[in-house]
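Quick notes on the structure that follows.
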Amino acid sequence: MELFDPDRLRIGEDANPDVDPLAEAVRWMRAESERMVGFPVNLDFDCRPLAEFLAVHGNNVGNPRAESAYRIDTKPFEVAVLDFFTALAGGDPSRVFGYLTSGGTESNTFAVWVARERHPDAVLYASAEAHYSLPKLARLLRMPHVAVRTRPDGTLDTTALVGELARHPGRAAVVAVTIGTTGRGAVDDLPGVRRALAAAGVERSWVHCDAAFGGILAEFGDEAIPWNLASGADSVAMSGHKVIGCPVPCGVVLVPEADVATIRAEGVAVGSDDDTITGSRDALAPVLLWHELRRLGRRGVADLARRCHRTAAHAQRGLAEVGRNPSRARGGTIVLFDRPPADFCRRWHLVHDEEHAALVVMPHVTEQQVDELCAELADLG
Ligand SMILES: *Cc1c(COP(=O)(O)O)cnc(C)c1O
């Protein structure tokens, strides 16, 4: 956001009833949203019916399934959302612990922390195209981190993984598998990673699926792509604000209940068990997500994903017609194409490097928007 002179927003000594800049800001945010087709965030939601929640302080501190001394919470809604995600991820509800996080980064951090408590000597492996939260959390957790080479399609090279595993004989391995890379939507080969661990003779391992972006897209795509607990992952991270959509970032983490005991401090989180990363936890995101999920149902979520795949295929055709050499990873909804000038990318909120720009098809992206973008590209010549 660039439109405000800082002097206009300065909070001074005296009360100032002029809050007009906020109305201008939200108008600007909504206007820009019209051409936001470059980030994995669904803008198609409306939580204004939940405005009453902005006039009460809720706090879901501690274990989502236990009451804390601060009883004004939304934990029953959090639990309903967790049950939905646990089923989606193919988990056994009696063996899975989960909570709503501040987003994919916290979800990944929590899962890898629990994994490291199980295997204190573990090395963390993730593809070179994994999310930047993985090297960051490795540093935070003081774990050695290996960035494994990717194949030309952007997925983790499982042959290279076998080689890297062999360089750390006797040590446990935590492998972070990416289900939908943030850069190009590539879905790592989860069964292939399991086979690589076996081939390298690793006896102690943990496979974490970072499905923050692509879990829902993999579940409801044209072909079944293994991505979850039912397919051999030990833990899963997912986002709430990406495919589903939410005005604030949020996520879900699922880990084996039996392992959470290693990090749990009983009764210390305002009278609840402390088995999450943060102290106070958001009570708003659970109701916002519950509202969307309840409205949609599992079938509606599947429709969102299918719409993304359809629109991505449409975009691929349109971009080919205007000569931009589009490509798309299997199971993904990101379409990479020959990069237009920087001001065009900025106008359409497109991330780019020297060669490519990325169109990220989320549920709010319509075929009309794609056609408009393609027409503008054609005008560029
Ligand atoms: C977005 C994303 C994350 C991080 O999520 P935040 O909510 O931004 O912390 C992690 N992994 C992948 C693959 C992502 O796309």
Side-chain angles (χ1 to χ4, degrees), residues 36 38-43 45 81 85 89 98-113 115 124-141 145 147-148 150 153-156 174-190 193 207-219 225 227-228 233 235-255 276-278 281-282 284-286 288-289 305 308 312 328-336 349 351 358-363:
M36 203 300 281
F39 288 83
V41 184
N42 178 12
L43 300 180
F45 58 82
V81 170
F85 277 101
Y99 75 95
L100 253 76
T101 63
S102 57
T105 298
E106 185 184 343
S107 294
N108 284 339
T109 306
F110 182 78
V112 177
W113 177 33
L124 176 65
Y125 303 83
S127 95
E129 295 190 35
H131 190 260
Y132 65 90
S133 56
L134 286 147
K136 175 165 61 183
L137 69 88
R139 203 171 158 196
L140 196 61
L141 293 169
H145 163 246
V148 183
T150 51
D153 67 358
T155 63
L156 185 146
V174 174
V175 185
V177 168
T178 305
I179 306 299
T181 58
T182 323
R184 46 176 160 157
V187 179
D188 288 346
D189 176 7
L190 169 56
V193 164
V207 176
H208 170 64
C209 277
D210 177 4
F213 175 24
I216 291 170
L217 299 173
E219 177 70 20
I225 301 180
W227 68 277
N228 64 10
S235 55
V236 168
M238 298 181 77
S239 279
H241 62 290
K242 289 191 173 172
V243 174
I244 291 163
C246 188
V248 294
C250 55
V252 169
V253 62
L254 304 172
V255 300
T276 65
I277 286 185
T278 54
R281 288 196 306 113
D282 194 347
L284 186 58
L288 301 175
L289 263 187
C308 293
R328 180 160 61 109
R330 171 177 170 256
T333 63
I334 295 183
V335 185
L336 295 184
H349 299 259
V351 175
L359 171 64
V360 184
V361 178
M362 297 303 275

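Remember, it's 1-based here, ligands and their atoms both numbered in the order they're listed.
- One finds the CG atom of Leu134 at 13.5 Å from the CD atom of Glu129 (value rounded to the nearest 0.5 Å).
- The two residues Thr333 and Phe213 have their closest heavy-atom pair at OG1-CZ, 4.3 Å.
- To the nearest 0.5 Å, atom CG of residue Leu43 and atom CE of residue Met362 are 9.0 Å apart.
- Taking the side-chain contact (heavy atoms from CB on, under 4.5 Å) definition, one finds that Thr109 meets it with Thr105, Leu137, Leu140, Ile277, sequence neighbours left out.
- If you check the side chains of Thr150 and Ser127, you find no donor sitting under 3.5 Å from an acceptor.
- Taking a heavy-atom cut-off of under 4.0 Å, ligand 1 is surrounded by Gly103, Gly104, Thr105, Asn108, His131, Gly180, Thr182, Asp210, Ala212, Phe213, His241, Lys242.
- In the model, His131 has no side-chain atom that pairs as donor or acceptor with a side-chain atom of Asn108 under 3.5 Å.
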